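For reference, the structure is listed below as structure tokens.
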Protein chains: 2
Amino acid sequence: MTIDPDGVKAPYRQLADILRERIISGEIQPGRRIPSQTELEQEFPLSRNTIKKALDVLKDEGLLVSAPGRGLFVAEQPDT
Amino acid sequence: MTIDPDGVKAPYRQLADILRERIISGEIQPGRRIPSQTELEQEFPLSRNTIKKALDVLKDEGLLVSAPGRGLFVAEQPDT
DNA sequence: CACCATTTGTTCGTATGTATG
DNA sequence: GCATACATACGAACAAATGGT
């Protein structure tokens, strides 16, 4: 998956969609850490601020839990 | 204080007036940090751009000094 | 204990595009 | 055309937490 800067959806929403898919599909297991913002910055042509904005979306959705100093982890219980 | 979107004065000018009053009245002491643009965004129904525009007015007036990465501070010497 | 690298969080500065009156 | 307002994006700097040396 790649980001289209000229797509209808804003890049940060596109990235959120990509990462959400990786989580829901099970590509990244619950409790596992996802790539750091710096690593995502290398994988996608976006600034760290934009990366973080996408991650904030997923945190709001309850898919990710942050651990400052350690990283971002896939939530254990996305549903209840 | 609140912002009136339909007021005679543009919202960013209204906000500048409100914040100027807080500074001149001493509600926010010289050298002290003012609420971040994000916090002001929560307090007032304006976009960050508009918030910033109001703050730029106060910076131009010499009431505020910016410290990138830290915040905006009330100037020590509003006058000279 | 000190030091440092990594990582997330926060903040301001600047710029572009879009929309409205 | 201009002023105003919002959404988005990138850059930079600083802070705090963590973990290793």
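Predicted model, so just to flag it, every value in this text is computed and none were measured. Here is how names work: the chains are called A, B, and so on, in the same order as the sequence lines, proteins then strands, and each is numbered from 1.
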Taken to the nearest whole Å, CG/B:Asp56 to P/D:dA3 is 16 Å
A:Ile51 CD1 to C:dT7 P, in whole Å, measures 14 Å
A:Lys52 atom NZ is separated from C:dT11 atom P, nearest whole Å, by 10 Å
### Query
Is any side-chain N or O of A:Ser47 closer than 4.0 Å to OP1 or OP2 of D:dG11?
no
Apart from A:Val8 itself, members of its ILVMFWY cluster (side-chain separation under 4.5 Å) are none
For B:Lys52, the salt bridge (Lys or Arg N to Asp or Glu O under 4.0 Å) test, sequence neighbours excluded, returns B:Asp56
Under a side-chain separation threshold of 4.5 Å, the hydrophobic residues clustered together with A:Val57 are A:Tyr12
With sequence neighbours left out, the residues meeting side-chain hydrogen bond (donor to acceptor under 3.5 Å, both in side chains) with A:Arg13 are none
B:Asn49 meets the side-chain hydrogen bond (donor to acceptor under 3.5 Å, both in side chains) criterion, sequence neighbours left out, with none
Note: contacts of residues 31-43 of chain A with DNA chain D (heavy atom, under 4.0 Å) are none
In whole angstroms, the gap separating P of C:dT7 from CG of A:Leu55 amounts to 13 Å
For residues 25-35 of chain B, which side-chain donor-acceptor pairs fall under 3.5 Å, sequence neighbours excluded?
residue : atom : partner : partner atom : Å
B:Ser25 : OG   : B:Glu21 : O            : 2.8
B:Ser25 : OG   : B:Arg22 : O            : 3.3
B:Ser25 : OG   : B:Glu27 : N            : 3.3
B:Gln29 : NE2  : B:Gly26 : O            : 2.8
B:Arg33 : NH2  : B:Glu39 : OE1          : 3.3

Closest to the 5' end of DNA chain D, once A:Pro45 and B:Thr50 are matched to their nearest nucleotides, is B:Thr50
Applying side-chain hydrogen bond (donor to acceptor under 3.5 Å, both in side chains) to B:Gln14 and not counting sequence neighbours gives none
### Query
Hey, does B:Lys9 reach any base, or is it just sugar-phosphate, or nothing, if we go heavy atoms under 4.0 Å?
nothing
Side-chain atoms of A:Lys53 come closest, of D:dA5, D:dC10, D:dT8, to D:dT8
Which part of the nucleic acid, if any, lies within reach of A:Leu72 when heavy atoms closer than 4.0 Å are counted: base, sugar-phosphate only, or nothing?
sugar-phosphate
side-chain hydrogen bond (donor to acceptor under 3.5 Å, both in side chains) filter on B:Ser47, not counting sequence neighbours, yields B:Thr50
Could you run down the sub-3.5 Å N/O contacts of the protein with nucleotides 15-21 of chain C?
none

The remaining residues in the hydrophobic cluster of B:Val65, counting side-chain heavy-atom contacts under 4.5 Å among Ile, Leu, Val, Met, Phe, Trp and Tyr, are B:Phe73
Q.
Does a side-chain N or O of B:Ser66 approach OP1 or OP2 of C:dG13 to a distance below 4.0 Å, or not?
A. yes
B:Gln14 atom CD is separated from D:dT4 atom C1', nearest whole Å, by 13 Å
Rounded to whole Å, the CZ-C1' distance (B:Arg13 to D:dA5) equals 14 Å
- Query: Is any side-chain heavy atom of B:Leu40 less than 4.5 Å from a side-chain heavy atom of B:Leu55?
  - Reply: yes
Once base and sugar-phosphate atoms are separated, protein heavy atoms under 4.0 Å mark nucleotides 14-21 of chain D, 5' to 3', with B, S and - as S--BSS--
Using only side-chain N and O atoms of B:Tyr12, determine if any of them is under 4.0 Å from OP1 or OP2 of D:dT4. yes
Rounded to whole Å, CG of A:Leu15 lies from P of D:dC10 at a distance of 10 Å
Separation of C:dT10 atom C1' from A:Lys59 atom NZ, nearest Å, is 11 Å
Rounding to 0.5 Å, atoms CD1 (A:Ile51) and OG1 (A:Thr38) come to a distance of 9.5 Å
